[in-house]
Amino acid sequence: MHPYRTHTCGELRMDHVGQTVRVSGWVFRKRDHGSLLFFDLRDHYGLTQVVVQPDRSFFEECQRIRSESVIIVTGRVVARSEETINETLPTGRIEVVAETLTIESMADPLPFQVNIDDDGPEETRLKYRFLDLRREHLHKNIMLRSQVIASLRRRMMAQGFTEFQTPILTSSSPEGARDYLVPSRVHPGRFYALPQAPQQFKQLLMVSGFDRYFQIAPCFRDEDARADRSPGEFYQLDMEMSFVTQDDVFAVVEDVIHGVFTEFSNWTIDSTPFVRIPYATAMVKYGTDKPDLRIPIEMQDVSDLFRASKFNAFRGMVEKGGVVRAIPVKGIADKPRSFFDKLVEYAQSLGSKGLAYLVWEGGAIKGPIAKFLSEEELKALAARGGMTDGDVMFFVSDMVHTVNKICGDLRTKLGRDLDRIAKGVYRFCWIVDFPMFEFDEETRTVGFSHNPFSMPQGGMKALCEKDPLEILAYQYDIVCNGVELSSGAIRNHSPEIMYKAFEIAGYPASEVDKRFGGMINAFKLGAPPHGGIAPGVDRMVMLLSGESNIREVIAFPMNQKAQDLMMNAPNTVTEKQLRELHIKLNLPKEKNSEVRSQESATI
RNA sequence: GGGGGCGUAGCUCAAUUGGUUAGAGUCCCAGACUGUCGAUCUGGUUGUUGCGGGUUCGAGUCCCGUCGCUCCCGCCA
């Protein structure tokens with residue numbers, strides 16, 4: 001007989017009755033009747049009830065076994081009597097009567113209960129991650145993650161993509177996020193950087209003629225965390241294709257994403273092709289470039305209707321170059337005054353000067369600003385928003401950037417507070433036509449708005465002839481339920497166009513050569529038109545599992561401050577290690593002595 | 001770097017306008033119990049109320065500072 005098990009804890013059924021089997025696992029629950037004792041034995045596959053009779057030599061020892069100890073049980077599979085069948089367990093019609101029992105690993109009292117999915121303090125859960133991972137909830141998420149990744153691989157390969165590995169130790173790229181640096185021992189004073197994404201490598205693979213690349217790629221960025229953004233590292237389904245248009249990329253991604261979401265969820269999923277929304281439209285209608293389409297509220301620009309109105313605050317803003325945005329909401333005219341007051345307060349907390357609104361009620365139009373507007377203006381507003389009795393239209397006016405931010409937040413809040421977010425659906429969209437350049441208010445200069453490697457729409461002609469701020473790029477995002485899954489682009493594979501684009505952004509050709517010499521050189525030796533995208537794997541699993549925190553879909557996540565509380569990373573290193581790397585520390589002053597003593601205790 | 005929220009037993013939480021010795025469930029320990037399946041019953045241990053200071057006759061409660069976690073802004077080509 002196998003030393004540990006002949007069957008798993010999820011395996012035994014009525015067919016096995018009469019067999020002598022061996023099962024191993026963790027003690028999930030113990031029910032001690034004094035002269036009879038039950039264990040629920042758990043492993044990855046399920047739960048099996050073990051019965052220990054009082055005449056067994058190991059009976060008393062069993063009474064002392066704590067939860068989560070690992071035991072090995074050999075015994076007979078017995079059918080349970082009719083009244084003791086547990087229908088809630090797949091193995092609930094049988095039990096194993098222990099003949100021998102070995103405590104393989106006795107567990108100390110636990111920092112939190114594994115058999116209760118109540119989540120304890122996150123700090124403790126992270127420190128004892130292996131315990132948390134035993135719990136059904138996390139265990140299931142991590143299994144889902146693995147299955148999703150396997151499915152992504154299958155689907156990519158089915159579409160003719162080849163999986164590659166690219167370097168982890170590479171060079172620092174001057175654009176983008178902060179890099180994680182790794183000092184070189186062999187080259188004093190020089191550093192590798194961990195890749196923020198395999199961007200240049202995948203483009204070089206296209207230049208190498210591999211045609212279709214993909215990778216479940218680890219990406220490293222030293223930026224602060226969010227609920228949906230793991231600090232330090234995350235994974236992307238990175239892909240790149242040669243000789244493709246934007247639509248070709250969309251078709252591939254739609255097939256993979258729609259397929260995966262259909263495979264792992266029974267929610268309703270938008271049919272392909274996913275709706276495409278130009279960036280400029282998205283900013284007006286939703287106030288953001290990652291709209292949650294589950295919320296049935298679409299905003300409108302109504303600046304023109306206030307340009308000549310008697311409402312001075314708005315008219316003045318429009319004259320100054322600002323905008324007025326309307327948020328029409330159906331059927332909330334009967335909300336109490338406090339609802340509106342609170343919303344006004346919320347808008348102000350977002351930085352809005354106020355929140356005007358009109359209420360269509362009982363055939364009349366009421367609200368704080370109604371008296372400033374002519375009948376024609378009110379009629380025009382009603383027509384724009386399709387307002388009928390019971391509807392309310394909110395107005396925000398400011399410079400366009402501020403209006404977008406405030407309206408985007410308000411729309412989401414209204415959707416949530418009014419419970420208007422459609423349930424059980426995944427709503428996808430593509431945001432397309434991102435601007436190639438943007439004006440940086442701080443530096444008063446024109447810079448790249450997203451990826452400097454994107455192909456400008458209209459190519460060299462557009463760069464030479466158009467106002468840079470008018471030029472669009474073949475740059476796109478895919479968004480699901482308000483979560484940005486990914487950015488991608490058709491790349492700029494022409495050295496001339498790239499030099500020109502960088503010139504507009506204020507970088508001379510020499511600078512481009514210095515920073516991206518490798519890639520530019522490659523493009524000078526025969527580069528195919530190519531493009532790609534890199535949907536975030538962690539975020540996909542998050543959406544599929546319904547988690548609102550990305551740590552719930554990562555086996556060993558770091559906390560918000562980018563620490564691994566279980567492995568105690570980052571940590572100090574020895575003098576010798578530093579010496580070999582030619583590194584001398586120049587640390588900031590410690591805040592207090594308590595921190596110092598804690599740190600020295602961990603070394 | 002900035003703002004919000006939280007911090008009471010190992011865990012989940014309670015404690016009246018500031019008022020006696022800070023409670024309950026769970027875990028743990030001991031005892032009882034032959035059909036449980038969140039076993040049950042009896043008893044017991046567990047506290048620098050995150051830390052420091054202040055106001056007060058009296059602080060878990062109010063004030064200030066600080067630390068930790070978390071959410072958001074900045075940041076994330």
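All values below come from the heavy atoms of this structure, side chains included, with hydrogens, waters and symmetry mates left out.
For Tyr279(A), the ring-ring contact (aromatic ring centres under 6.0 Å, His included) partners are Phe434(A), not counting sequence neighbours. Among residues two or more places apart in sequence or in another chain, the side-chain contact (heavy atoms from CB on, under 4.5 Å) test is passed with Ala280(A) by none. Every residue two or more places apart in sequence or in another chain that forms a ring-ring contact (aromatic ring centres under 6.0 Å, His included) with His7(A) is listed here: His16(A). In terms of the ring-ring contact (aromatic ring centres under 6.0 Å, His included) criterion, residue partners of His139(A) (sequence neighbours excluded) are, by chain and number, His44(A). Residues forming a ring-ring contact (aromatic ring centres under 6.0 Å, His included) with Tyr286(A) (at least two apart in sequence, or on another chain): none.
When the C1' atom of rC76(B) is taken as reference, atom CD of Glu223(A) falls 5 Å away, rounded to whole Å. With rounding to whole Å, Tyr346(A) atom OH is found 10 Å from rC73(B) atom P. In this structure, Leu36(A) places its CG atom 12 Å from C1' of rC37(B), rounding to the nearest Å. rA39(B) atom P lies 12 Å from atom CZ of Phe39(A), rounded to whole Å. Following rounding to the nearest Å, Asp409(A) (CG) and rC73(B) (C1') show an atom-to-atom distance of 11 Å. Atoms OH (Tyr235(A)) and C1' (rC76(B)) sit 19 Å apart, rounded to a whole Å. Whole-Å rounding puts the Asp477(A) CG to rC76(B) P distance at 15 Å. The separation between Glu83(A) atom CD and rU34(B) atom P is 17 Å, rounded to whole Å.
Nucleotides rU8(B) and rU55(B) are separated by 22 Å at their C1' atoms, to the nearest Å. With both ends at atom P, the span from rA59(B) to rA22(B) equals 13 Å, rounded to whole Å. With both ends at atom P, the span from rA30(B) to rC11(B) equals 22 Å, rounded to whole Å. Between the C1' atoms of rC33(B) and rC71(B), the separation comes to 50 Å (whole Å). Distance check on atom P: rC57(B) versus rG18(B) gives 16 Å, rounded to whole Å. Rounded to whole Å, the P atom of rG35(B) lies 15 Å from the corresponding atom of rU40(B). Between rG23(B) and rC67(B), the distance separating the two C1' atoms is 28 Å to the nearest Å. Using P as the reference atom, rC27(B) and rC37(B) are 14 Å apart when rounded to the nearest Å.
Here the side chains of Phe38(A) and Val50(A) are not in contact, with every heavy-atom distance at 4.5 Å or above.
At the heavy-atom level, Asp228(A) lies nowhere under 4.0 Å from the strands shown. The residue Asn451(A) sits close only to the backbone: its heavy atoms come under 4.0 Å of sugar-phosphate atoms, none of a base. In this structure, Phe38(A) reaches the bases: a heavy-atom distance under 4.0 Å links it to at least one base atom across the strands shown.
For the pair Asn549(A) and Lys30(A), both in contact range of RNA chain B, the more 5′-proximal nearest nucleotide belongs to Lys30(A). In this structure, Thr124(A) and Val51(A) both approach RNA chain B, and ranking their closest nucleotides by distance from the 5' end singles out Thr124(A).
Annotation for Met567(A): atom CE does not count as buried by contact number, only 12 or fewer foreign heavy atoms lying within 6.0 Å. Around NE2 of His401(A), the count of heavy atoms belonging to other residues, nucleotides or ligands within 6.0 Å does not exceed 12. The environment of CZ in Phe439(A) is crowded: more than 12 heavy-atom neighbours from other residues, nucleotides or ligands sit within 6.0 Å. Counting heavy-atom neighbours within 6.0 Å of Lys127(A) NZ, excluding the residue itself, gives a total of 12 or less.
Between Phe453(A) and Phe516(A), the ring center distance clears the sub-6.0 Å criterion. For Phe502(A) and Phe448(A), the distance between ring centers is under 6.0 angstrom.
Side-chain atoms of Gln475(A) and Ser454(A) include a donor-acceptor pair closer than 3.5 Å. At a cut-off of 3.5 Å, with distance as the only test, no side-chain donor of Asn141(A) or Glu552(A) sits close to an acceptor on the other residue.
Sorted by first and then second residue, the side chain to side chain donor-acceptor pair (under 3.5 Å) pairs with a member in residues 227-241 of chain A read Lys202(A)-Asp238(A), Lys202(A)-Glu240(A), Tyr213(A)-Asp238(A), Glu240(A)-Arg491(A); sequence neighbours excluded. The stretch residues 470-489 of chain A participates, sequence neighbours left out, in no salt bridge (charged side-chain N to carboxylate O under 4.0 Å, His left out) pair at all. Applying the salt bridge (charged side-chain N to carboxylate O under 4.0 Å, His left out) test to pairs two or more places apart or on separate chains, those with a residue in residues 52-64 of chain A are Arg56(A)-Glu99(A).
Side-chain atoms of Asn115(A) stay outside donor-acceptor range of the base of rG38(B), with no qualifying N/O pair under 3.5 Å. Looking at Arg80(A), its side chain comes within 3.5 Å of the base of rU36(B) through a donor and an acceptor atom. Side chain Glu95(A) to base rG35(B): a donor-acceptor pair is found below 3.5 Å. For Arg29(A) against rC37(B), no side-chain N or O and base N or O form a donor-acceptor pair under 3.5 Å. A donor N or O paired with an acceptor N or O is not found under 3.5 Å between the base of rU34(B) and the side-chain atoms of Gln53(A).
Out of rU70(B), rC75(B), rC37(B), the shortest distance to the side chain of Thr84(A) is found at rC37(B). The side chain of Pro121(A) has rC11(B) as its nearest neighbour among rU70(B), rC11(B), rC75(B).
Contact check of residues 555-562 of chain A against RNA chain B (heavy atom, cut-off under 4.0 Å) returns Asn559(A), Gln560(A), Lys561(A). Residues of residues 483-494 of chain A that place a heavy atom closer than 4.0 Å to RNA chain B do not occur.
Residue Arg31(A) places at least one side-chain N or O under 4.0 Å from the OP1 or OP2 atom of rA39(B).
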Item checked: Nucleotide-resolved protein contact map, nucleotides 24-33 of chain B, B/S/- at heavy-atom distance under 4.0 Å -> ---S-S---B
Item checked: Pair assignment for RNA chain B - dot-bracket with | for other-strand partners, Watson-Crick or G-U under 3.5 Å -> (((((((..((((.....[...)))).(((((.......))))).....(((((..]....))))))))))))....
